Number of protein chains: 4
Amino acid sequence: MPKEAAAPGPPSAGRARNPHTHQAILDATVALLAEIGYQELSIERVASRAGVGKATIYRWWNSKSALVIEAMAHGMPLAEVPRTGDPRTDLRATIEAALHTLTDTPAGATLPALAADIPRDPATAERIRQFLRPRRDAAREVLHHAAAVGAVPADVDIEAIIDLCVGAIFYRKLVRGVEVDAVMVEQLVSLVLDGQLPRNE
Amino acid sequence: MPKEAAAPGPPSAGRARNPHTHQAILDATVALLAEIGYQELSIERVASRAGVGKATIYRWWNSKSALVIEAMAHGMPLAEVPRTGDPRTDLRATIEAALHTLTDTPAGATLPALAADIPRDPATAERIRQFLRPRRDAAREVLHHAAAVGAVPADVDIEAIIDLCVGAIFYRKLVRGVEVDAVMVEQLVSLVLDGQLPRNE
Amino acid sequence: MPKEAAAPGPPSAGRARNPHTHQAILDATVALLAEIGYQELSIERVASRAGVGKATIYRWWNSKSALVIEAMAHGMPLAEVPRTGDPRTDLRATIEAALHTLTDTPAGATLPALAADIPRDPATAERIRQFLRPRRDAAREVLHHAAAVGAVPADVDIEAIIDLCVGAIFYRKLVRGVEVDAVMVEQLVSLVLDGQLPRNE
Amino acid sequence: MPKEAAAPGPPSAGRARNPHTHQAILDATVALLAEIGYQELSIERVASRAGVGKATIYRWWNSKSALVIEAMAHGMPLAEVPRTGDPRTDLRATIEAALHTLTDTPAGATLPALAADIPRDPATAERIRQFLRPRRDAAREVLHHAAAVGAVPADVDIEAIIDLCVGAIFYRKLVRGVEVDAVMVEQLVSLVLDGQLPRNE
DNA sequence: GGTTAAGCGAGACGGTACGTCCGGTCTTATT
DNA sequence: AATAAGACCGGACGTACCGTCTCGCTTAACC
C-alpha cells in the first residue's frame with residue numbers, strides 16, 4: 001500500500017503516478033519472491049527486474065517489508081475454498097487451505113521474515129493483518145455458519161479458534177520446521193467441532 | 001555449538017580452543033541481542049564488542065543464526081516454574097512462562113527472524129528446536145503428569161497440545177502483532193483441561 | 001544567456017517568457033552561489049529556492065555552468081575603481097580589484113569550476129570571457145592610457161599584460177592555494193611600469 | 001598519497017596492504033583520466049576498472065581529488081627537459097614543457113577541476129602543490145642557474161617568476177580558453193631574461 | 001624444553017546492497 | 001503556450017557488512 005493510498009485531499013499538481021510502473025514493481029516483487037525468496041530479494045533487484053529506478057520504489061514504499069506485503073496481497077490469489085454448508089467439510093477445507101498457503105506458497109516462507117520486522121517497524125503488523133484479512137474472513141464465515149447451525153457453541157470465540165488452528169500449523173511447520181500432515185488437520189477439525197483434544201493414533 | 005564438538009581428527013600438534021574467547025563471543029551476542037535486536041546484530045559488531053577477530057567467529061559458527069541460537073540457549077535462563085502437582089496451576093504457570101518468553105524477552109523478538117532463516121539453511125530448524133527443547137520438556141512433564149492423574153485423557157497427543165498453546169500465542173503476538181492477555185491464557189487452560197472451546201466473555 | 005536570446009522563430013501564438021521567473025532564477029543562483037558554492041549548487045536546489053519548475057530552468061539554460069555564469073554576470077557588481085589618471089595609482093587599483101574579485105567573492109571560488117567545464121562544453125569558454133569582459137575592459141583602458149602617456153611602451157601587448165597579472169594572481173591563489181599579499185601587487189605594478197622583475201625583499 | 005603515508009609509529013597488527021591493489025587503482029585512475037576526463041571519472045568506475053571494491057579506494061583516499069592527484073603524481077611522467085646551461089635555451093624549454101603539460105596532457109584539463117575542490121577541502125591545495133613540486137623544482141633550478149650566471153638579477157623572486165609564467169599560460173588557455181602559441185612563450189622568455197614587456201608583433 | 005602448528009587479533013580485500021541525491025526528461029493541470 | 005509540480009529512469013554517492021584472506025604474535029601440545 002502506498003504511503004498515502006489515494007488521499008483526495010489537496011488536488012495537488014504535478015505529474016500523475018504511472019500505473020504501469022506501479023504494477024511492474026509489484027509483479028517483479030512477486031516473481032522474485034517465488035524465485036529467490038524474501039531474504040535474497042533486494043530493492044535493487046526489484047528495481048532492475050521491473051526496469052525502474054530505485055528511487056521510484058522508495059517513493060511509494062518505505063521498506064522492503066511494505067513492498068513485499070502489498071505485492072503479496074495483490075499478487076497472490078486467495079485459495080478458492082468451495083463452501084458446501086457442511087461445517088465439518090468446510091472447516092476441513094479451510095484448514096487445508098491455510099496449511100497450503102503456509103506450506104506451499106512463497107507467502108509461508110515469507111511470513112516469518114515479515115513478522116521479524118515488526119519490532120523494527122510496528123506498521124508492519126498492520127500490513128501483515130491486511131494480507132491475512134481476506135483469508136481470515138473466509139475462516140470466520142465458516143465458523144460463524146457452524147455456530148449458527150449449532151455445530152459449535154453460539155458464543156464461541158471465533159478469533160481465538162482461528163489463532164489456535166493457524167497458529168498450531170504455523171508454529172509447527174514454520175518455526176519448529178516439522179512437517180504438518182493430514183493427521184494434524186483432522187485433530188484440529190475434531191478439536192473445534194467435537195471438543196476433542198488431540199490424541200495419539 | 002561448534003562445527004565439530006570434539007573432532008578427534010589429527011590431534012597431532014596445535015593449540016586448543018580458548019574458552020574465554022568462546023564465552024566472550026556468546027556474551028557479546030546475548031548483550032547485543034538485548035540492546036539492538038537480531039536484525040541490527042552483525043558479526044562485525046559481535047566481534048568488535050567481544051574484542052575478537054571476525055574469523056574466530058566464523059571458525060566456530062557458520063552463520064549469524066547459528067551463533068545467536070547457541071547464545072540464546074546458553075545465555076537465556078529458563079523461567080523457573082514452580083511445580084505444585086495441581087494440573088491446572090502448573091499448566092497455567094507453564095503457559096504463562098511461554099507467554100513471558102515470547103513477549104518479554106529478546107528470544108521472542110528473535111524467533112521469527114530465526115524461523116525466517118530455515119528455508120535458506122535447514123539446519124536452523126534443528127537449532128531452534130534445540131533452544132526450545134528444555135522449555136518444551138517442562139511443558140511435556142506437566143502434561144504427562146496431568147495425564148497420569150486423569151486431568152487429561154491418557155492418550156492425549158502432548159506434542160500437539162504444546163504446539164496448539166504455544167502456536168496460538170506465537171501467532172497472535174508475534175505474527176499478527178496483537179497483544180495476548182490473561183484471557184487467552186485462561187482459554188488455553190480450559191481448552192486443555194476441560195475440553196472447553198474458547199468463548200467470548 | 002538564453003539558448004536563443006531573441007529567437008525570431010514562430011512568434012505566432014503562445015505566451016511570452018515571464019521576466020519575473022527569469023530574474024527569480026538568477027537571484028536564487030547568486031544567493032546559493034554565495035551560500036553553498038558552485039559544487040553544492042544543483043539545478044534542483046535553484047528551482048526549489050526560486051519557486052520554479054526544474055524544466056523551466058532547463059528550457060533557458062542548458063547547463064549549470066551556463067546558468068551560473070549568466071547569474072554572475074548579471075548579479076555580481078563590478079568593483080568601482082576610481083580613475084585618477086595616474087598610471088601607477090590606477091594600475092594598482094585595477095590589480096587590487098582583480099585580486100579582490102578572485103579572493104573575496106564567490107566568483108573567485110567559482111571560476112576554476114567553470115574552467116573545468118570547458119573540455120566538456122567548449123561554449124563555456126565564451127561564457128567565461130563574457131563574464132570577464134567588463135572587468136578586462138577596465139584594465140585595458142588603464143593600460144591604454146598608460147601607453148598614451150608613455151608610462152609603458154606604445155606597442156605593449158595589453159592582452160598579454162592582463163593575462164600575466166591576472167594569471168599570476170589566479171594561479172598562486174586559486175590553483176596553488178597560496179595567499180596573495182600586497183607585495184605581489186606591488187611586484188606586478190613594478191613589472192608593468194618599470195620593467196622591474198619581481199625581487200625578494 | 002594514502003591517508004597515512006608510511007607512518008612507522010605503532011607496528012600495528014592486521015593484514016598488510018596489498019601493493020598490487022594499490023597500483024591497479026592508480027593505473028585505472030590514470031587510464032580513465034585520459035579516456036573520459038576528471039568530471040566523468042567516478043570512484044565507482046575506477047573500482048570496476050581496477051577490479052577492486054569501492055571501499056578499498058575509500059580506505060586509502062578520502063576523495064576523488066585526492067585519488068586523482070596521487071595518480072597523476074605517480075602516473076604522469078615528468079617532461080624530460082634537456083639542460084644546456086644556456087639560460088635562454090633552458091628557460092624556453094622549461095616554459096614549453098609547462099605549456100605542453102597544461103595543454104596536451106590530461107593534467108591540464110584536470111587541474112582546474114582539482115583547484116575547484118580547494119574551497120571544499122583545503123588539503124587539496126597541498127596535494128596540488130605536491131603534484132606541481134617536481135615540475136616547479138626543475139624551473140627553479142633553471143632560474144637559479146640564470147641568476148648565478150647573471151642572466152637575471154641575483155635577488156630575483158624565483159617563485160614569483162614561475163607563477164607569472166605558468167599563471168599566464170594557465171589563465172589564458174585553461175580559464176579563458178584561448179590558444180597559447182609560440183609567441184607567448186617568446187614573450188615570457190624576453191620578459192624574464194630581458195625585462196622586456198610583451199609587445200605586439 | 002624446544003618445536004611447531006593452531007588459535008587468535010587485526011584488518012585488508014572484492015562484493016552486494018543500502019537509502020539518498022541529482023541529472024535530464026516527460027506529463028499533468030493550472031494560469 | 002509557458003509554467004509549477006513532481007513522477008520517472010538512471011547513475012553515483014559514501015557506508016555497512018558479508019565471508020575470505022593474510023599478517024605476525026602467542027601459546028598449548030607434542031616430541
Side-chain angles (χ1 to χ4, degrees), chain A residues 10-22 40-45 47-48 50-60 62-64, chain B residues 10-22 40-48 50-60 62-64, chain C residues 10-18 20-22 40-45 47-48 50-60 62-64, chain D residues 10-22 40-45 47-48 50-60 62-64:
Chain A
S12 82
R15 180 177 177 176
R17 178 177 187 173
N18 182 341
H20 295 327
T21 292
H22 188 216
E40 308 299 333
L41 180 147
S42 68
I43 299 287
E44 203 130 327
R45 281 222 235 196
S48 139
V52 143
K54 265 198 296 181
T56 301
I57 299 182
Y58 283 109
R59 199 184 336 264
W60 300 107
N62 53 29
S63 69
K64 182 165 116 171
Chain B
S12 56
R15 180 180 166 184
R17 172 180 190 172
N18 182 343
H20 295 325
T21 293
H22 189 219
E40 308 301 332
L41 180 148
S42 68
I43 299 289
E44 205 132 308
R45 282 218 235 200
V46 173
S48 142
V52 144
K54 273 201 292 179
T56 302
I57 298 181
Y58 283 110
R59 196 177 346 256
W60 301 106
N62 54 28
S63 69
K64 179 165 119 172
Chain C
S12 59
R15 179 177 166 187
R17 171 180 190 173
N18 181 343
H20 295 327
T21 293
H22 189 219
E40 307 302 330
L41 180 148
S42 68
I43 298 289
E44 205 134 302
R45 280 218 238 202
S48 142
V52 142
K54 272 201 290 180
T56 303
I57 298 181
Y58 281 111
R59 201 186 331 270
W60 300 107
N62 55 27
S63 69
K64 180 164 117 172
Chain D
S12 81
R15 180 177 178 177
R17 178 176 188 174
N18 182 342
H20 296 326
T21 292
H22 188 216
E40 308 300 332
L41 179 148
S42 68
I43 299 287
E44 203 130 328
R45 280 221 236 197
S48 137
V52 143
K54 265 199 295 180
T56 300
I57 299 182
Y58 283 109
R59 196 178 347 257
W60 300 107
N62 53 29
S63 68
K64 182 165 116 170

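This is a predicted model, so every value here is computed, not measured. Chain identifiers are assigned alphabetically (A, B, ...) following the order of the sequence lines, protein sequences preceding nucleic acid strands; residue numbering begins at 1 within each chain.
A distance of 8.0 Å separates CH2 of W60(B) from NE2 of H22(B), quoted to the nearest 0.5 Å. K54(A) NZ to S48(A) OG: the interatomic distance, rounded to the nearest 0.5 Å, is 11.0 Å.
Residue G53(A) comes nearest to A47(A) through the heavy atom pair C-CB, 4.2 Å, listed as atom of the first residue, atom of the second, then distance. Nearest heavy-atom pair, I57(B) versus I43(B), reported as atom, atom and distance to 0.1 Å: CD1-O, 3.9 Å.
Atom C1' of nucleotide dA12(F) and atom CD1 of I57(D) are separated by 13 Å, given to the nearest angstrom. Going from atom OH of Y58(D) over to atom P of dG14(E) covers 15 Å, rounded to whole Å. The interatomic distance linking H20(B) (NE2) with dG9(E) (P) rounds to 12 Å, in whole Å. Between the CD atom of E40(D) and the P atom of dG11(F) there is a distance of 13 Å, rounded to whole Å. Between I43(C) atom CD1 and dG6(F) atom C1' there is a gap of 16 Å when expressed in whole angstrom units. In this structure, the CG atom of N62(B) is 9 Å from the P atom of dG19(F), given to the nearest Å.
Contact of the R17(D) side chain with the R59(D) side chain is not registered, since no non-hydrogen atoms from C-beta on lie closer than 4.5 Å.
Each of R45(D) and L41(B) has a nearest nucleotide on DNA chain F; the 5'-most of these lies closest to R45(D).
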Can you give me the N/O atom pairs linking the protein to nucleotides 7-9 of chain F at distances under 3.5 Å, or say none if there are none?
from, atom 1, to, atom 2, distance (Å)
dA7(F), N3, R15(A), NH1, 3.0
dC8(F), OP1, N18(A), N, 2.6
dC8(F), OP2, W60(A), NE1, 2.6
dC9(F), OP2, G53(A), N, 3.3
dC9(F), OP2, T56(A), OG1, 2.8

